[in-house]
Q: 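Got a structure for you, questions after.
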Amino acid sequence: MQGQSLIVAAIIGIVAGWLASFVVGGGGLIKYLIWGVIGSYVGAFLIPMTGITIETGFPVVNAIIVSTIGAIVLVLVARLIT
């Protein structure tokens, strides 16, 4: 990944984690980044499996929505395990 791509991925991860924290709670910038970035992979895996397509017309918004859904699922599963 290029430097700009890493920065954009980090910003998307932070925003997605921050949005997910409103739904499931949590806090801290580092937690937001971790849940959002890992959630983007979870969301990218789960969303196509469900047959749902997210098309807002803006690729960054699509990525934030998918990452947020993934982060929410990830946090809820982590809470079930612990």
Q: Identify each donor-acceptor pair in which a side-chain atom of residues 70-82 lies under 3.5 Å from a protein atom, sequence neighbours left out, and give them as a table.
A:
{"unit_1": "R79", "atom_1": "NH1", "unit_2": "V24", "atom_2": "O", "d": "2.6"}
{"unit_1": "R79", "atom_1": "NH2", "unit_2": "V24", "atom_2": "O", "d": "2.6"}
{"unit_1": "T82", "atom_1": "OG1", "unit_2": "A78", "atom_2": "O", "d": "3.1"}

Q: Which distance, rounded to the nearest 0.5 Å, do you find between the CD1 of I12 and the CG of L33?
A: 12.0 Å
Q: Which atom pair, heavy atoms only, marks the closest approach of T68 to A20?
A: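 That would be CG2-N, 3.9 Å.
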Q: According to a 4.5 Å side-chain heavy-atom criterion applied to Ile, Leu, Val, Met, Phe, Trp and Tyr, with indirect links allowed, do I11 and I30 form part of one hydrophobic cluster?
A: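 The answer is no; the residues belong to distinct hydrophobic clusters.
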Q: For I52 versus I47, what's the shortest heavy-atom pair and its separation?
A: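 Minimum heavy-atom contact is O-CG2, 3.3 Å.
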Q: Should M49 and I38 be counted in the same cluster of Ile, Leu, Val, Met, Phe, Trp and Tyr side chains packed under 4.5 Å apart?
A: yes
Q: Measure the spacing between CD of Q4 and CD1 of I7 and express it to the nearest 0.5 Å.
A: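 Here the interatomic distance stands at 7.0 Å.
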Q: Using a 4.5 Å cut-off on heavy atoms from C-beta on, say whether the side chain of V66 contacts that of I54.
A: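 Yes. Closest side-chain heavy atoms under 4.5 Å.
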Q: Considering non-hydrogen atoms only, spot the tightest contact between P48 and A44 and give its length.
A: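 Looks like CD-O, 3.1 Å.
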Q: Go through the steps for I64 and L19 under the test side-chain contact (heavy atoms from CB on, under 4.5 Å), then give the verdict.
A: CA-CA 9 Å; I64 290 172; L19 291 172; 3.8 Å; yes
Q: Can you tell me how far CG of N62 sits from OG of S67, rounded to the nearest 0.5 angstrom?
A: 10.5 Å
Q: Within the distance-only criterion (no hydrogens, no angle test), does the side chain of S21 pair as donor or acceptor with the backbone N or O of W18 below 3.5 angstrom?
A: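 Indeed, once roles are kept as given, a pair shorter than 3.5 Å links the two residues.
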Q: Are V23 and L46 in one and the same hydrophobic cluster, where Ile, Leu, Val, Met, Phe, Trp and Tyr link if side-chain heavy atoms are under 4.5 Å apart?
A: yes
Q: Linking I/L/V/M/F/W/Y whenever their side-chain heavy atoms sit closer than 4.5 Å, directly or via other members, would V60 and V15 fall into one cluster?
A: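 Yes.
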